[in-house]
Amino acid sequence: MKECKHLAIIMDGNGRWAKAQGKPRTAGHLVGADNVRTIAIAANDLGVKYLTLYAFSTENWKRSREEVSYIMKLPAYFFKKYMQEFIDRGFQMHMIGELDELPADTERVLKEAVEESKKNTGLSLNICMNYGSQREITLAARHYAKDVLEGKADLNIDEAGFEKYLMTKDFPPVDLLIRTSGEERISNYLLWQIAYAELEFVPESWPEFTPEVLKRCLEEYSHRDRRFGGVHE
Ligand code: FPP
């Protein structure tokens with residue numbers, strides 16, 4: 001199967017899934033959090049090296065106070081339950097987003113997960129928290145402009161040079177982006193990094209996104225003809 005080194009997922013549909021079961025939206029987020037572990041293990045088994053998940057966007061603050069506060073407590077639940085297993089499996093945790101704007105406890109838990117797993121060399125599990133791609137690019141532009149003003153960067157920077165200012169500077173470009181739950185939008189996610197990614201939109205909600213569905217997606221990906229703007233004979 002063609003290698004998918006970097007897989008990104010927009011984990012959509014937790015709320016609708018819960019509602020369909022007569023449960024509160026937060027019940028969907030809880031099952032969704034447990035599914036992060038299931039899919040991280042499955043992705044690793046299927047050869048993925050970088051798995052980047054959209055957990056909370058810069059726009060998600062518009063949700064009710066109850067829902068936001070529930071999502072902010074999920075990392076503590078999640079890492080308490082699974083961190084030891086992730087360490088044993090060699091996973092390294094990375095966070096993408098403006099963590100300093102999160103509740104202090106959430107920020108601490110996320111940073112601890114990164115610290116505890118930093119010696120690992122296996123799957124890079126990247127959680128996007130308080131992340132928005134336009135914000136990321138704006139912050140990168142600001143930082144770059146400052147470096148130019150201070151004589152630390154050349155005005156004639158190229159794409160590879162600019163990428164070093166992005167929050168994803170340590171990761172390769174995204175090969176495949178999957179969005180669950182039927183919506184066909186990118187929602188301000190990794191706009192720079194998906195320049196040549198393959199896109200797949202699946203009907204299953206995130207809680208219904210099983211390892212079998214992931215395998216189906218990777219099989220579909222392996223049949224795509226990636227030309228990166230060139231021509232294949
Ligand atoms: C989208 O579904 C989901 C979210 C905004 C939250 C996703 C968060 C998790 C899956 C848990 C994160 C886990 C960790 C470890 C931090 P939605 O609520 O937009 O669903 P809807 O479209 O049906 O309303």
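Just so it is clear, the structure is predicted and the values come from calculations on it, not from any experiment. Counting starts at 1 for both ligands and their atoms, in listed order.
Under 4.0 angstrom from ligand 1, the non-hydrogen atoms of R25 all belong to its side chain. Contacts of N35 with ligand 1, taken as heavy-atom pairs under 4.0 Å, are absent altogether.
With hydrogens left out, the protein atom closest to atom 10 (C) of ligand 1 is N14 ND2, 3.3 Å, a heavy atom. Ranking protein heavy atoms by distance to atom 19 (O) of ligand 1, first place goes to R63 NH2, 2.7 Å. Atom 1 (C) of ligand 1 has its closest protein heavy atom at M11 O, 3.1 Å. Protein heavy atom in closest approach to atom 11 (C) of ligand 1: L74 CD1, 3.8 Å. Residue, atom and distance of the protein heavy atom nearest to atom 4 (C) of ligand 1 are H29 CE1, 3.8 Å. P75 CG, 3.9 Å is the protein heavy atom nearest to atom 16 (C) of ligand 1. Nearest protein neighbour of atom 23 (O) of ligand 1, counting heavy atoms only, is R16 N, 2.6 Å. The nearest heavy-atom contact from the protein to atom 8 (C) of ligand 1 is A55 O, 3.6 Å.
Using a cut-off of 4.0 Å between Lys/Arg side-chain N and Asp/Glu carboxylate O, K2 and E198 are scored as not salt-bridged. Using a 4.0 Å cut-off between a side-chain N of Lys or Arg and a carboxylate O of Asp or Glu, E3 and K5 do not qualify as a salt bridge. The pair R216-E220 does not meet the salt-bridge criterion, since no charged nitrogen lies less than 4.0 angstrom from a carboxylate oxygen. Using a 4.0 Å cut-off between charged nitrogen and carboxylate oxygen, K111 and E115 do not count as a salt-bridge pair.
Each of the atoms 5 (C) of ligand 1 lies under 4.0 Å from some heavy atom of N60. Of all atoms in ligand 1, listed by their number and element, those nearer than 4.0 Å to a heavy atom of F78 are 15 (C).
The shortest distance between side-chain heavy atoms of E85 and I41 falls below 4.5 Å. By the 4.5 Å heavy-atom criterion applied to side chains, T106 and M129 are counted as neighbours.
Closer than 4.0 Å to atom 14 (C) of ligand 1 lies none of the heavy atoms of the protein.
Annotation: E159, atom CD; neighbour count of heavy atoms from other residues, nucleotides and ligands within 6.0 Å does not exceed 12. Residue Y77 places its OH atom among more than 12 non-hydrogen atoms of other residues, nucleotides or ligands, all under 6.0 Å distant.
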Steps toward side-chain hydrogen bond (donor to acceptor under 3.5 Å, both in side chains) verdict (D34, Y82)
CA-CA 9 Å; D34 284 327; Y82 300 124; 2.6 Å; yes
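Taking any N or O of W206, backbone or side chain, none lies under 3.5 Å from an N or O belonging to ligand 1. Between G15 and ligand 1, at least one N/O pair is under 3.5 Å apart.
Note on ring orientation: taking the six-membered ring where Trp is involved, the planes of F86 and F79 are perpendicular (angle over 60°, cut-offs 30° and 60°).
Residue contacts with ligand 1: E183 is excluded, as none of its non-hydrogen atoms falls under 4.0 Å.
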